[in-house]
Structures are given as C-alpha cells and as structure tokens.
Amino acid sequence: MKNTVELLGYYGTDLVHAQSAWTSTSRDLSEEKLKRVDKLLEMLASEGHHTPFEKSSLHFLVTVDQATHIHLLKHRVGVSINGESARYKELKVNKMYIPEDWSDYWKSKLEFYSIMGNELYHNCLEDLTEKIGRKRAKESARFFKTFNSQITMDIMFNWRSFAHFQQLRNSEHAQIEVRELAQEMLRIVKDIPGNPFEKTIKAFKL
C-alpha cells in the first residue's frame, strides 16, 4: 500500500503568530496592525525570528515505511512522535510499501519477499511464545519484518519545526518517499478550510 497521511487537528493561525511577536510591544490589535500581518510574518521568517511560529501546531497520523519512519525520527525539536510498536503487540495487519517507480518484475519480487517475511514473523512469534514468553517472542520475531514494512505514527509539529521539516524533506535532495509525504502534508495544510496559515506559508516560501 502507499504511504498515507491525514490531518488529525491543528491549533493556531497567522494571527496567533503575529500576536506572539507583538507581545514584546503590545498585543492590542488595530486595523493598521492587521494590515501588516503578512509583512511582519515575512520579516520574522526571513530574519530567523522563528519563536512566534512555535505557538501553533499541526497534528498528523501517518502510515509509512521504515526508511520514512527513520527520517521522521530525525526531527526531534518541536516534534512529538508516537508510533505502533511491534514490541508491545503483534502486527497482525501486514502493511507493506512497494515503490511505484520500480519495474513490475522487481515489484513482484519485493512483494513475494515481504509476504514470506511476514509469514515467518507470525510463525516465529507463535512458536517462540511458549519457549521464551510472549514479550520476548514479540520483540524478537520482528527481525523477520522487512524494511518496507509500514507502521502508523502519530506526529505533531509546531509551525517552526514544520517549516524546517518542509525545507529539508520537501526537497529534490530528499528520498522520494519522505519527499512525497512532506508534499502531501503541505497540501493538506494549504487546504484547511479558511486557509488559517496562508500568510505563514508565504512567509516561509513553502
């Protein structure tokens, strides 16, 4: 199956970022200040004054391959991640990622290899449970899981960390799987009703 992402929720708006910055002077709003929100956010983003962007958050649920999982785990500052654990439960649903840019020949080979690994995982877990206990069986049988196995992760960014993630992963230099995930995350954020982060997205040139 493909890697997937959905937005669970969000907090904040462009105005939340602007008011956070204005806290150093006055949070009182006027028509004149409201007209300057876009300019303010562009100045903050371009000059590295990113603290105000930490005041909002984006909460996603993703299902990704192990390589993308590792890429996501590299982002720790301003990011909260929790995911499925094959140590605490048996992964009964055999989710696997097959690269779409491969030839049909290699797609079929990887699918066969993955199915074989999943069968060995379940059989090993069942057989070892009586011998070494369910806990140890679960955490060790997962060595049969292939690198294209997918897990579901709950991930929350503040906007500063999300912009950094986009700059690194929504790039031609990033691995295609994590790049496509970053692109889909950004598309979803742009499509939030009312476009609450329109000016922030423009400020970071995303």
* Do any N or O atoms from the side chain of Arg27 and from the backbone of Gln19 form a donor-acceptor pair under 3.5 angstrom? -> yes

* Asked: Would you call Glu90 and Leu125 a side-chain contact if the rule is heavy atoms closer than 4.5 Å?
  -> yes

* To do: Answer yes or no: are there more than 12 heavy-atom neighbours, outside Lys107 itself, under 6.0 Å from its atom NZ?
  => yes

* Closest approach of Lys35 and Asp38, non-hydrogen atoms and distance? -> O-OD1, 3.4 Å

* Structure fact -> When Leu40, Leu44, Leu41 are each screened for side-chain contact (heavy atoms from CB on, under 4.5 Å) with His49, the one that passes is Leu44

Less than 3.5 Å apart, which donor and acceptor atoms pair up between the side chains of residues 194-206 and the rest of the protein, not counting sequence neighbours?
{"unit_1": "Thr200", "atom_1": "OG1", "unit_2": "Asp14", "atom_2": "OD1", "d": "2.6"}
{"unit_1": "Thr200", "atom_1": "OG1", "unit_2": "His17", "atom_2": "ND1", "d": "2.9"}

Enumerate, atom names and distances included, each donor-acceptor pair closer than 3.5 Å involving a side-chain atom of residues 157-166, sequence neighbours excluded.
{"unit_1": "Asn158", "atom_1": "OD1", "unit_2": "Arg160", "atom_2": "N", "d": "3.0"}
{"unit_1": "Asn158", "atom_1": "OD1", "unit_2": "Ser161", "atom_2": "N", "d": "2.8"}
{"unit_1": "Asn158", "atom_1": "OD1", "unit_2": "Ser161", "atom_2": "OG", "d": "3.3"}
{"unit_1": "Arg160", "atom_1": "NH1", "unit_2": "Glu54", "atom_2": "OE2", "d": "2.5"}
{"unit_1": "Ser161", "atom_1": "OG", "unit_2": "Gly78", "atom_2": "O", "d": "2.8"}
{"unit_1": "Ser161", "atom_1": "OG", "unit_2": "Asn158", "atom_2": "N", "d": "3.1"}
{"unit_1": "Ser161", "atom_1": "OG", "unit_2": "Asn158", "atom_2": "O", "d": "2.8"}
{"unit_1": "Gln166", "atom_1": "OE1", "unit_2": "Asn170", "atom_2": "ND2", "d": "3.0"}
{"unit_1": "Gln166", "atom_1": "NE2", "unit_2": "Ala182", "atom_2": "O", "d": "2.9"}

* Asked: Shortest non-hydrogen contact from Ser108 to Tyr105?
  -> OG-O, 2.7 Å

* Would you say Glu126 has more than 12 foreign heavy atoms packed within less than 6.0 Å of its CD? -> no

* Asked: Do His173 and Arg179 have side-chain N/O donor and acceptor atoms under 3.5 Å apart?
  -> no

* Asked: Do Ile98 and Val5 belong together in a cluster built from hydrophobic side chains that touch within less than 4.5 Å?
  -> no

Show me the donor-acceptor pairs within less than 3.5 Å that the side chains of residues 111-120 make with the rest of the protein, sequence neighbours left out.
{"unit_1": "Ser114", "atom_1": "OG", "unit_2": "Leu110", "atom_2": "O", "d": "2.7"}
{"unit_1": "Ser114", "atom_1": "OG", "unit_2": "Asn148", "atom_2": "OD1", "d": "3.2"}
{"unit_1": "Ser114", "atom_1": "OG", "unit_2": "Asn148", "atom_2": "ND2", "d": "2.9"}
{"unit_1": "Asn118", "atom_1": "OD1", "unit_2": "Lys145", "atom_2": "NZ", "d": "2.7"}
{"unit_1": "Asn118", "atom_1": "ND2", "unit_2": "Ser114", "atom_2": "O", "d": "3.2"}

* To do: Find out whether Cys124 and Phe144 are in side-chain contact, i.e. whether some heavy atom of one side chain is under 4.5 Å from a heavy atom of the other.
  => yes

* Which atom pair, heavy atoms only, marks the closest approach of Leu128 to Ser140? -> CD1-OG, 4.4 Å

* Look only at the side chain of Tyr121 and the backbone of Leu91, and say whether a donor-acceptor pair between them is shorter than 3.5 Å. => yes

* **Lys/Arg N to Asp/Glu carboxylate O, Glu139 vs Arg142, below 4.0 Å** => no

* Does a side-chain N-to-carboxylate-O contact under 4.0 Å join Glu32 and Arg36? -> yes

* Structure fact -> Residues at least two apart in sequence or cross-chain that pass salt bridge (Lys or Arg N to Asp or Glu O under 4.0 Å) with Glu180, listed by chain then number, are none

* Structure fact -> Tracing side-chain contacts under 4.5 Å among Ile, Leu, Val, Met, Phe, Trp and Tyr outward from Ile70 reaches Phe147

Which pairs of donor and acceptor atoms, one on a side chain in residues 59-68, lie under 3.5 Å apart (sequence neighbours left out)?
{"unit_1": "His59", "atom_1": "NE2", "unit_2": "Asp154", "atom_2": "OD1", "d": "2.8"}
{"unit_1": "His59", "atom_1": "NE2", "unit_2": "Asp154", "atom_2": "OD2", "d": "3.1"}
{"unit_1": "Thr63", "atom_1": "OG1", "unit_2": "Thr152", "atom_2": "OG1", "d": "2.9"}
{"unit_1": "Asp65", "atom_1": "OD1", "unit_2": "Asn3", "atom_2": "ND2", "d": "2.8"}
{"unit_1": "Asp65", "atom_1": "OD1", "unit_2": "Thr68", "atom_2": "OG1", "d": "2.8"}
{"unit_1": "Asp65", "atom_1": "OD2", "unit_2": "Ala67", "atom_2": "N", "d": "3.0"}
{"unit_1": "Asp65", "atom_1": "OD2", "unit_2": "Thr68", "atom_2": "N", "d": "3.0"}
{"unit_1": "Asp65", "atom_1": "OD2", "unit_2": "Thr68", "atom_2": "OG1", "d": "3.3"}
{"unit_1": "Gln66", "atom_1": "OE1", "unit_2": "His69", "atom_2": "ND1", "d": "3.4"}
{"unit_1": "Gln66", "atom_1": "NE2", "unit_2": "Ser149", "atom_2": "O", "d": "3.4"}

* Quick check: does any side chain N or O of Ser20 sit under 3.5 Å from a backbone N or O of Val16, one acting as donor and the other as acceptor? -> no

* **Close side-chain approach of Leu72 and Met153, heavy atoms under 4.5 Å** => yes

* Asked: If you measure from the Lys or Arg side-chain nitrogens to the Asp or Glu carboxylate oxygens, is any gap between Lys89 and Glu84 under 4.0 Å?
  -> yes

* Heavy-atom distance under 4.5 Å between the side chains of His122 and Asn94, does that happen here? -> yes

* Structure fact -> Nearest heavy-atom approach of Ser24 to Ala21 is OG-O, 3.1 Å

